[in-house]
Amino acid sequence: MTVTYTVTYERGRWKGRTPGVLGSVGASTLRGLHAEARDSAAFIWEGEEVDITFVYDLPEDMAPSLATYWREVELAAEHDRLRLEAARSLARELTSAGLSERDAAAIMGITGPRVHQLKVGT
């Protein structure tokens, strides 16, 4: 079951409300609010596995910046995935060409153990 909390900032405190549930959870920090929401969900839906989603109700003028940030996070994750694939490929090519893991590491600017990890796919 998925429970969605709409989160607002009211009078110096974060509040989380979910449709169909009487009351709300609240805390002075988002980390505290997340903990309160988990505790509340465990109590309300005892015995059920609950996934919690938070939707932040922020001022509209922040929406473009927030969208840009999350787009950049997604692009960075994709870039990291591609960089890892390239590193694995290069580590395998260098060592298959007869270079030691230590020499491959020097060329790649990483450690010998990391070259080994890349070769075996971790």
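Scope of the values below: all heavy atoms of this structure, side chains included, with no hydrogens, waters or symmetry mates.
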I want to check something: taking the side chain as every heavy atom from C-beta on, are [X] and [Y] in contact at a cut-off of under 4.5 Å?
X: Arg92; Y: Leu118; result: no
X: Asp103; Y: Thr95; result: no
X: Thr2; Y: Thr53; result: yes
X: Leu66; Y: Leu58; result: yes

Donor-acceptor contacts under 3.5 Å from residues 18-38 side chains, at least two apart:
residue	atom	partner	partner atom	Å
Thr18	OG1	Thr4	O	2.6
Thr29	OG1	Gly32	N	3.0
His34	NE2	Tyr56	OH	2.8

**Salt-bridge contact Lys119-Glu101 (side-chain N to carboxylate O under 4.0 Å)** = yes
**Asked** Can we say Glu74 and Arg81 salt-bridge, meaning some charged N sits less than 4.0 Å from an Asp/Glu carboxylate O?
**Response** no
Say whether [X] and [Y] are linked into one hydrophobic cluster, either directly or through other cluster members, by side-chain heavy-atom distances under 4.5 angstrom.
X: Leu84; Y: Val120; answer: no
X: Val55; Y: Ile52; answer: no
X: Trp45; Y: Phe43; answer: yes

**Item:** Non-hydrogen atoms of Tyr5 and Ala41 that approach each other most closely
**Value:** OH-N, 4.3 Å
**Request:** Considering non-hydrogen atoms only, spot the tightest contact between Gly112 and Ala105 and give its length.
**Result:** N-CB, 3.5 Å
**Asked** side-chain contact (heavy atoms from CB on, under 4.5 Å) with Glu46: which residues, sequence neighbours excluded?
**Response** none
**Request:** Evaluate side-chain contact (heavy atoms from CB on, under 4.5 Å) for Arg17 paired with Val7, printing each intermediate quantity in order.
**Result:** CA-CA 7 Å; Arg17 295 177 181 83; Val7 179; over 6 Å; no
**Asked** Would you say Glu10 has more than 12 foreign heavy atoms packed within less than 6.0 Å of its CD?
**Response** yes
**Asked** Does CD belonging to Glu78 count more than 12 external heavy atoms closer than 6.0 Å?
**Response** yes
**Distance, nearest 0.5 Å, that separates CZ of Arg13 from OG1 of Thr8** = 11.5 Å
**Request:** Using the test ring-ring contact (aromatic ring centres under 6.0 Å, His included), find all partners of Tyr9 that sit at least two apart in sequence or belong to another chain.
**Result:** Trp14
**Message:** Checking the side chain of Thr68 only, and the main-chain atoms of Pro64 only, is there a donor and an acceptor separated by less than 3.5 Å?
**Reply:** yes
**Prompt:** Is a side-chain N or O of Arg88 found less than 3.5 angstrom from the main chain of Gly121, in a donor-acceptor match?
**Reply:** yes
**Stepwise side-chain contact (heavy atoms from CB on, under 4.5 Å) check, Met1 with Asp51** = CA-CA 6 Å; Met1 152 183 253; Asp51 287 325; over 6 Å; no
